[in-house]
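Quick caveat: nothing in here was measured; it's all calculated off a predicted structure.
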Amino acid sequence: MTTAPLFQLSSPLTVISPHLDDAVFSCGCLIAASPHTVVVTALAGVPEADTELTDWDRASGFNGGQQAVLQRRQEDARALALLGATPAWLDCLDGQYDKQQTPELIVQALARCAAIHRGGTIVAPMGLFHSDHILVNRACMMMMRTATLSMQPAASSGDSDGEGAAPAQWLFYEDAIYRRLPGMLQKRMVDWWQEGLVARPVQFASDARHPLKMRAVEAYQSQLPLFNVEQLADIAAPERYWSLHVAPGQDND
């Protein structure tokens, strides 16, 4: 079996994360291997103090949503510091606190984030499962299309500071934990094909950072006890990324 050639990443790297842990769980090795990475967490808003306690927060040992998000922000900051990355927390609320979020609102919040406009490479979730992941993926797809960014990876010397760099590269990561669910990855590929897109796997020379990634994963102390053995194993499994291209026969439409 042939393997895909190593992908030349255009720097700087910006990773979009639905929640305060997804980026490290799914992309920790790549983040550690990429200087000046910024992780933009879309659903990192702090709910009001009187927000009803959710089942997930109760199982995590919290007394309320505000306490939960503030502690998870601290965990995220510690994890990203270990990887040499910087967090950017947007004010949109996690779906468990606000069911009214839309892709358009997420796009607006992302557009106000300076990290999104650095050029380089943006890595976004595939949105394989979970309503929040699907929501953020749709927002990223909208932003990519609206900005008319090329989906063909551009050549890069790898030393750009990102200023004025356009178009940016867009890549998509397999959502850790959810990529194990039967058929989820295949369904995403079919959906993209029906949208006139084809996904191709890309690989990075970042596996050597795996021990550092796992140290960063341990920073999410409030989350890890709620995952089962298979989910924890998937977090530790090799990361996988995809680039999007116009499907054959679609580029002249």
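Across all non-hydrogen atoms, the minimal contact from L185 to E174 is CD2-OE2, 3.6 Å. The two residues C140 and I16 make their nearest non-hydrogen contact at SG-CD1, 3.6 Å. Of all the heavy atoms in L93 and V46, the pair that sits closest is CD2-C, 3.8 Å. L105 and C92 get closest at one heavy-atom pair: O-SG, 4.3 Å. Counting all heavy atoms, side chain and backbone alike, V39 lies closest to S17 at CG1-CB, 4.1 Å. Between K213 and V24, the closest heavy-atom pair is CE-O, 3.3 Å.
Between D234 and R179 a salt bridge is recorded (basic side-chain N to carboxylate O distance below 4.0 Å). By the 4.0 Å N-to-carboxylate-O rule, D76 lies too far from R72 to be salt-bridged with it. A salt bridge links R145 with E195; the closest basic N to acidic carboxylate O contact falls under 4.0 Å.
Relative orientation of the Y173 and Y241 rings is perpendicular, given thresholds of 30° and 60° on the angle between their planes. The aromatic rings of F129 and Y178 sit tilted relative to each other, their planes meeting at an angle between 30° and 60°.
Counted within 6.0 Å of NE2 on H130, heavy atoms from surrounding residues, nucleotides or ligands total more than 12; the atom is thus considered enclosed. Around CG of N228, the count of heavy atoms belonging to other residues, nucleotides or ligands within 6.0 Å exceeds 12. Counting heavy-atom neighbours within 6.0 Å of R58 CZ, excluding the residue itself, gives a total above 12.
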Discussion item. Between I116 and I122, is the side-chain contact (heavy atoms from CB on, under 4.5 Å) condition met? List the steps.
Written reply: CA-CA 7 Å; I116 300 297; I122 298 176; 4.2 Å; yes
Discussion item. Before you tell me yes or no, could you show the steps for E239 and S26 under side-chain hydrogen bond (donor to acceptor under 3.5 Å, both in side chains), namely the whole-Å CA-CA distance, both residues' side-chain angles and the distance that decides it to 0.1 Å?
Written reply: CA-CA 6 Å; E239 300 168 5; S26 302; over 6 Å; no
Worksheet entry | Worked check of ring pair (Phe, Tyr, Trp, His ring centres under 6.0 Å) between W192 and F172 | CA-CA 12 Å; W192 270 334; F172 292 83; 5.4 Å; yes
Item to complete: Start with the C-alpha gap between F62 and T54, add the side-chain angles, then the distance that decides, and say whether side-chain contact (heavy atoms from CB on, under 4.5 Å) holds.
Response: CA-CA 9 Å; F62 295 115; T54 66; over 6 Å; no
Fill in: side-chain hydrogen bond (donor to acceptor under 3.5 Å, both in side chains) evaluation trace for Q71 with S222
CA-CA 8 Å; Q71 180 166 325; S222 67; 4.8 Å; no
Discussion item. Apply salt bridge (Lys or Arg N to Asp or Glu O under 4.0 Å) to residues D175 and R188 and explain how you reach the verdict.
Written reply: CA-CA 11 Å; D175 314 53; R188 194 70 188 91; over 6 Å; no
Practice prompt. Please step through side-chain contact (heavy atoms from CB on, under 4.5 Å) for the pair F227 and L224, ending with a clear verdict.
Written response: CA-CA 6 Å; F227 297 134; L224 293 180; 4.1 Å; yes
Fill in: side-chain contact (heavy atoms from CB on, under 4.5 Å) between L135 and Q101, intermediate numbers included
CA-CA 8 Å; L135 175 72; Q101 300 287 1; 3.7 Å; yes
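Going from atom CG of L43 over to atom CG of D91 covers 11.0 Å, rounded to the nearest 0.5 Å. Remark: Q169 CD to T121 OG1 distance equals 3.5 Å, nearest 0.5 Å. Atom OG1 of T41 is separated from atom CZ of R73 by 9.0 Å, given to the nearest 0.5 angstrom. Taken from CE in M141 to CG in D191, the straight-line distance is 10.0 Å, to the nearest 0.5 Å. The line from CG of L171 to CG of L30 is 8.5 Å long, rounded to the nearest 0.5 Å. Q223 CD to I235 CD1: the interatomic distance, rounded to the nearest 0.5 Å, is 9.5 Å.
Remark: the backbone N or O of I31 is not paired with any side-chain donor or acceptor of S34 at under 3.5 angstrom. D57 places no side-chain N or O within 3.5 Å of a backbone atom of A68 that could act as its donor or acceptor partner. For T14 (side chain) and A115 (main-chain N/O), a donor-acceptor pair under 3.5 Å exists by modelled atom type. Side-chain N or O atoms of Q66 include none that pairs as donor or acceptor with a backbone N or O of D50 at under 3.5 Å.
For the pair V217/F25, a side-chain contact is recorded, criterion being any heavy-atom separation below 4.5 Å from C-beta on. Within the 4.5 Å cutoff, the side chain of T37 has no heavy atoms near those of the L83 side chain. Put simply, the side chain of V40 reaches to within 4.5 Å of the side chain of L110, judged on heavy atoms. Contact of the M143 side chain with the W170 side chain is registered, since non-hydrogen atoms from C-beta on lie closer than 4.5 Å.
Between the side chains of S243 and H245, a donor-acceptor pair is found at a separation under 3.5 Å. R180 and Q231 form no side-chain donor-acceptor contact under 3.5 Å, judged by distance and modelled atom types alone. Under the 3.5 Å distance criterion, with hydrogens and angles disregarded, a donor-acceptor pair is assigned to the side chains of D22 and H19.
V15 and L82 fall into different hydrophobic clusters, where Ile, Leu, Val, Met, Phe, Trp and Tyr side chains are chained together by heavy-atom contacts under 4.5 Å. Taken together through direct or relayed side-chain contacts under 4.5 Å among Ile, Leu, Val, Met, Phe, Trp and Tyr, F7 and V123 form part of one hydrophobic cluster. Side-chain heavy atoms closer than 4.5 Å link hydrophobic residues (I, L, V, M, F, W, Y) into clusters, and following such links, possibly through other members, connects I177 to M214. In the hydrophobic clustering of this structure, W56 does not group with L70; members are Ile, Leu, Val, Met, Phe, Trp, Tyr whose side-chain heavy atoms approach within less than 4.5 Å, directly or through other members. Taking hydrophobic clusters as Ile, Leu, Val, Met, Phe, Trp and Tyr residues chained together by side-chain heavy-atom distances below 4.5 Å, L90 shares a cluster with L80.
A cation-pi arrangement is absent between R240 and W242, since the terminal nitrogen or guanidinium carbon is not both under 6.0 Å from the aromatic centre and inside a 45° cone about the axis.
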